[in-house]
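We count ligands from 1, going down the list as the structure has it; atoms in each ligand are counted the same way. Being a predicted model, the structure only gives us computed values, none of them experimental. For the single chain, residues carry numbers from 1 onward in sequence order.
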Amino acid sequence: MFEQAEQLLQSYFGYSSFRKGQEEAIRSVLAERDTVCVMPTGGGKSICYQIPALVLPGTTIVISPLISLMKDQVDTLLQVGVPATYINSSISVQEANERMNEAREGKYKLIYIAPERLESYDFIERLEGLEIPLVAVDEAHCISQWGHDFRPSYLHIQKLIDRLPHKPIVMALTATATPQVRADICKTLQIAEQNTIITGFARENLSFQVIKGQDRYAFLRNYVKKNEQEGGIIYAATRKVVDQLYEKLQKEGIAVGRYHAGMNDSDRHHEQEKFLQDETTVMVATSAFGMGIDKSNIRYCLHYQMPKNMESYYQEAGRAGRDGLDSECILLYSSQDVQVQRFLIDQSADERRIAGELEKLQSMVDYCHTESCLQSSILEYFGDSAGEDCGRCGNCTDSRSTVDVTREAQMVLSCIIRMGQRFGKTAVAQVLTGSKNKKIIELRFDKLPTYGILKEMSTKDASEFIEFLISQDLIGVEQGAYPTIFVTPAGKNVLLGKQLVHRKEIIEVVQISTKDPLFELLREVRKTIADQEKVPPFVIFSDAAIKDMCVKLPLSPDEFLQVNGVGEMKLKKYGDAFIQAILEFCEANPERKSEAPIMNAATKKKKPEKNSHLETYELFKEGLSVSEIAKKREMVTSTIENHIMQCMDQGMDIDWTDIIPSEYVPLLEQAVEAVGREKLKPIKEQLPKEVSYLMIKVFLNK
Ligand code: ADP
C-alpha cells in the first residue's frame, strides 16, 4: 500500500519522496491507526491526509476551521486532478445540498467541512450515507481549551465519528506542540498518545535576525526596495504605525497593501486578495493579518516592532517560506517597543493574566538581546531540545568588526547624569549635539560642559547611539507616560573606566536572492495562467517549482515531469506554456545551461502523456479555433498554440489561413523585413500583443 502512496505522490503532486514525518504518518494511517501528526507550519501536513485519501476507498472528510483556506486547498487539489470540494457558510444551502448529493454518488475523494456544520443533526445524518474511511482534523489544537484558538464546535467531531456506521480512521494535525494541547487532542478524539508523530520544530529554510540600535525605517525602506520583487509581510504593533508605514512605502513606489482591524471587512478582503494574487508584493499589517493565509511564496517577514511574545513571533514569522525556499525573518528592535507592548498588555482587561503576559514579554525582550543562535533560542523556548546552532541566523553569521566607542559612551552617560536622569532619549541627544531647542535653552542645559560635546553627530545619530547603549544595558529606561533614561550600574562602570564599550558596524541590507530573469519570466507566465483560472499564482506552481524549472531547464514534457511539484495533471495543463517560455529564453540566452542532470528514461518513474498535441490536432482539423480547443480541453490557449506548433514541427498539415487573420499579414511582412526571420522573439516585439508566436511561426512556414 505504501508503494502506491509513493506513486501517487509522484503522479499527482510531482514530488519524488516523502519528507521526514510524512512517511511515518502515512504508514500509520494506512495501518488503520488513529494518528496525531505534529509538524511545523510548512512541514507538509496536508499531504499526510491527502495521500491516504487517494489510497483508501470512499470519501475522506477534512475538518478545517478557516473558510478562506478551504477554497485554496480545494483549488490546489483540483489543480492536480484530485476531485475535492468544500462545504461552509460561503456557499448557499442549495449549493451545499448539491455537493452532498454529488458526494453520495462518490464524486469526491475529499470534502472539507467547517466544524460548525457538525452542530446540525441533519448534516451528520447526511454524512452517515457516505463511505468515509478517514476523518482528518486540521488545526486540531482548536479542540483544546488550553490552545490559543479554542473552537467549541470542534467538540462535535467526536460525535460525528461515533455516529458513523463504520468507524473511520481519525487523524489529527497541528503545528502546536505543547504537551497539554497534545494530551487534550488525544483525549477528546480518543487517540492513543503513543500514536503521535512529531517532527522537530526547526524551520531549516528560515534565517532569523534581530537588528537593534539602528534607524529602523531606513533599514526597512532599503530592505523592501532591494527586494522589491519578493513577497513579504511587515508586522507592526499598532494600526497607526501600519498606516504610517503603508503611506511612506507607497510614496516610495512600492506595491504595498495594508491590513488591520480598524479597516472595514471589504477593504481588508480586497487588500488580502491583491496580496494573494501577487498584485501587491508587500503587506503591512498588525497581528490581525495572517490567520488563514496559505500563500506559500512569502520570502521575508519583517517585524517593525517587537511583538508581545515568542508565541506570536514564531507564528507570524513562520508565515515566511512555506514553500521551503530560503526566507528571512527579521525583527527590528527598539527599547520603546517594550513600553508599547506593556501598554497594550495593560489595556487587555483580564487582570489575572497580566503577570503571565509580562513574563512572556520579558522572554521576548531576552530573545532580542541574546548573542547565541536565534533559532536555538526559539526552540529552547518552546521546549524543543535545540541541538546544534543553525549556522544561518544573524548571530551565527555575525562577522562584523567592532570599534571602541568607550569615550563617546562616557560622554553620553555623563550628560545623562548632569541632566539629572530625568529626561528622555531625545532631550539628551539634543544636549549632546548642541541643539538650540527652546526648551533646552530654558532649562539652561546649554551651560552644561557636555552641551554640544558630540556636535559632529546629527541628533538622530546621537539618538541611535543612545539606543545602542540601551541595548547594551548601560542605560536603563524608566517607563511611564514620558519614558526617561538613567545610567545603570554597568553604565557607571563605564564612566569609571572599569569597562570598555565596543560597537559593531551597522547591518547592511542584503538581497535575499540574486535576480534571475528566467525566474521573473516564468513568474509572469504563472500570473497570466492564474488570472485566467481565477486562482492565486501559488496554487498553479509554488516558487520552489519555478526555481526548479530554472535549474533544470526542461525542454520536453518528459523533462518537465522531473521538476519538483509537477505531476501529470500540471504537465498536461501547463507544460507547454512553461516549456515554450523556457525554450525562447534559452534561445535568447544561449549561455544559460541546465544545472541539473535530467534523469534518463530508464530511471524515470512515470511516462508522461506524449500525444496530447495529436488530440488538439484532431479538434483543429474539425475546424475549432484555438480558443475553442482550449476551452474544450480545459487548457490555457498558449498550450494549445504550442500543440499546433509541435504538429507543424512534425510536418503535419496546417492551413495558415486558419491561424492568421488576414489583417495581420502585412504587419508580419513588415516585421520580418525589419528584423529577419532567424528568431521569433525579435519579430514578436515588432508586433501588437494579439499576434501570437503561433501566428509568427505559421507565417514563417507558409
Ligand atoms: P503545512 O500544512 O504543514 O503548513 P503544507 O501542507 O501547506 O504545510 O505544505 C507546505 C509546502 O510543502 C507545500 O508547498 C507543499 O506542496 C510542499 N510539500 C509537501 N510535501 C512535500 C514533499 N514530500 N516534497 C516536496 N514538497 C512538499
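- Among residue pairs with one or both ends in residues 527-537, those qualifying as salt bridge (charged side-chain N to carboxylate O under 4.0 Å, His left out) are Glu279-Lys527, Lys527-Asp531, Glu533-Lys573; sequence neighbours excluded.
- Checking each of Phe201, Tyr314, Tyr313 against Phe382 for a ring-ring contact (aromatic ring centres under 6.0 Å, His included) leaves exactly one that passes, namely Tyr314.
- Closer than 4.0 angstrom to ligand 1 sit non-hydrogen atoms from Tyr15, Ser17, Phe18, Arg19, Gln22, Pro40, Thr41, Gly42, Gly43, Gly44, Lys45, Ser46, Ile47, Arg322.
- Dense packing is recorded around CD of Gln194, with more than 12 heavy atoms of other residues, nucleotides or ligands lying under 6.0 Å away.
- Taking the six-membered ring for Trp, Phe541 and Phe578 have ring centres closer than 6.0 Å.
- Judged by the 6.0 Å distance and 45° axis criteria, Arg99 is positioned over the aromatic ring of Tyr86.
- Between Arg592 and Asp516 there is a salt bridge, since a side-chain N of the basic residue sits under 4.0 Å from a carboxylate O of the acidic one.
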